[in-house]
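Read the numbers this way: they start at 1 and go in the same order the structure lists the ligands and their atoms.
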Amino acid sequence: MLTDKSTQTRPADAAAAAISATSAPAAVDLESLICYFQGGYVPMRDAKISIMTHAFMYGTAVFEGIRAYWNADQGQLYGLFLREHVERIRHSCRIMMMEPVPAVDELVAIITEVVRRNGFREDAYIRPSFYKSTKAIGVRLHHLDHDLCVVALPFGNYIETEKGVRVMTSSWRRNADEALPARGKITGGYVNMAFQKSEAEMNGFDEAIVLTANGHASEASAANLFVVRDGVVLTPPVYDDILEGITRKAMIELCRSEGLPVEVRSIDRSELYIADEIFLCGTGVQVSPVIEVDHRAVGSGAVGPIGRAISERYFDAVRGRLPEFSHWLTPIGDPV
Ligand code: PMP
């Protein structure tokens, strides 16, 4: 991996190190992992595409990031929100003119089979992707074939969740729905987030908060945004150019089950500076309390009580320790 030496001693290092240490653990031979490719289950070393593939040349693919959590006490791996992710990727396919696609049940079965064949006994990350598979020059969506691939690998924390994260407002705006819909999880659209994430990390922060074209706080580079003001939990609406996060929906459910009022409304940048608490949520970041925005402490500057409580509940739920949230989970493979 190439590293920028100028950033090596900056505060974002802990998070950056966590990413490189956990996203592809050295002990894992990626090439031997089983993936789904061109209709079959094969080792990753046999899953290759041409450099002429449309998705490679133009970013015309859609994807999901899904987590599976290992519960050591139960000897059980749980896929988190599998159906919800599959429903969202089917919507992304529709936006990108990739139809037909397999039914929800069939996609869930393929995903669980990839994970099962890898026999993980630890947390895992699953990445299904539909991509424009035709070998062709010519930027368009129509008259192109598409195909499905699914990879799965062992995976830990994406960014620091315990001690809170430091964020900056990005100078890059969120791509608007009328330009490149954030609602679709479109590979090419993630270059927008790459600009934001790199700007934040290279300036010594862990994450970026991204504004819409008209200046509302939309979300983070790969996570949805929650702000607590006067005991009310706020989150931006779907028309503020967010990805309609699956964890966001779960957070709303979790907050309401804890008796916390949740309001979905646009959030101004300056509200971030006077918030009592802020937290980010998403498949990758899980629940990450924010302790600093643009060099201003959030609340007391430490992880706040609501962020801490919600994050503890979330981690218990995803590991299958809370029966009332078992509908979030799909057991994968037999308990061992
Ligand atoms: N926003 C963006 C831009 C993302 O990439 C993600 C991660 N998928 C999220 C929000 C969080 O979505 P989810 O909870 O569905 O993972």
Trace of the side chain to side chain contact (heavy atoms under 4.5 Å, CB included) decision for Arg174 with Met193 | CA-CA 8 Å; Arg174 189 72 168 93; Met193 288 71 144; 3.3 Å; yes
Do any nitrogen or oxygen atoms of ligand 1 lie under 3.5 Å from a protein nitrogen or oxygen, and which ones?
residue  : atom   : partner : partner atom : Å
ligand 1 : 1 (N)  : Glu219  : OE1          : 2.7
ligand 1 : 5 (O)  : Lys185  : NZ           : 3.2
ligand 1 : 5 (O)  : Tyr190  : OH           : 2.6
ligand 1 : 8 (N)  : Lys185  : NZ           : 2.9
ligand 1 : 14 (O) : Ile246  : N            : 3.3
ligand 1 : 14 (O) : Thr247  : N            : 2.8
ligand 1 : 14 (O) : Thr247  : OG1          : 2.5
ligand 1 : 15 (O) : Arg88   : NH1          : 2.7
ligand 1 : 15 (O) : Arg88   : NH2          : 2.9
ligand 1 : 15 (O) : Ile246  : N            : 2.8
ligand 1 : 16 (O) : Thr283  : N            : 2.9
ligand 1 : 16 (O) : Thr283  : OG1          : 2.5

Under the salt bridge (Lys or Arg N to Asp or Glu O under 4.0 Å) rule, what pairs show up with a residue in residues 57-66, not counting sequence neighbours?
-> Glu64-Arg88
Do Phe279 and Phe226 have their ring centres less than 6.0 Å from each other?
-> yes
Sequence neighbours left out, what passes side chain to side chain donor-acceptor pair (under 3.5 Å) with Trp328? Give chain and number order.
-> Glu253
Take Tyr131 and Thr187 through the side chain to side chain contact (heavy atoms under 4.5 Å, CB included) test and state the conclusion after the steps.
-> CA-CA 9 Å; Tyr131 61 101; Thr187 309; over 6 Å; no
Can you sort out the partners of Asp177 under side chain to side chain donor-acceptor pair (under 3.5 Å), two or more places apart, ordered by chain and number?
-> Arg183
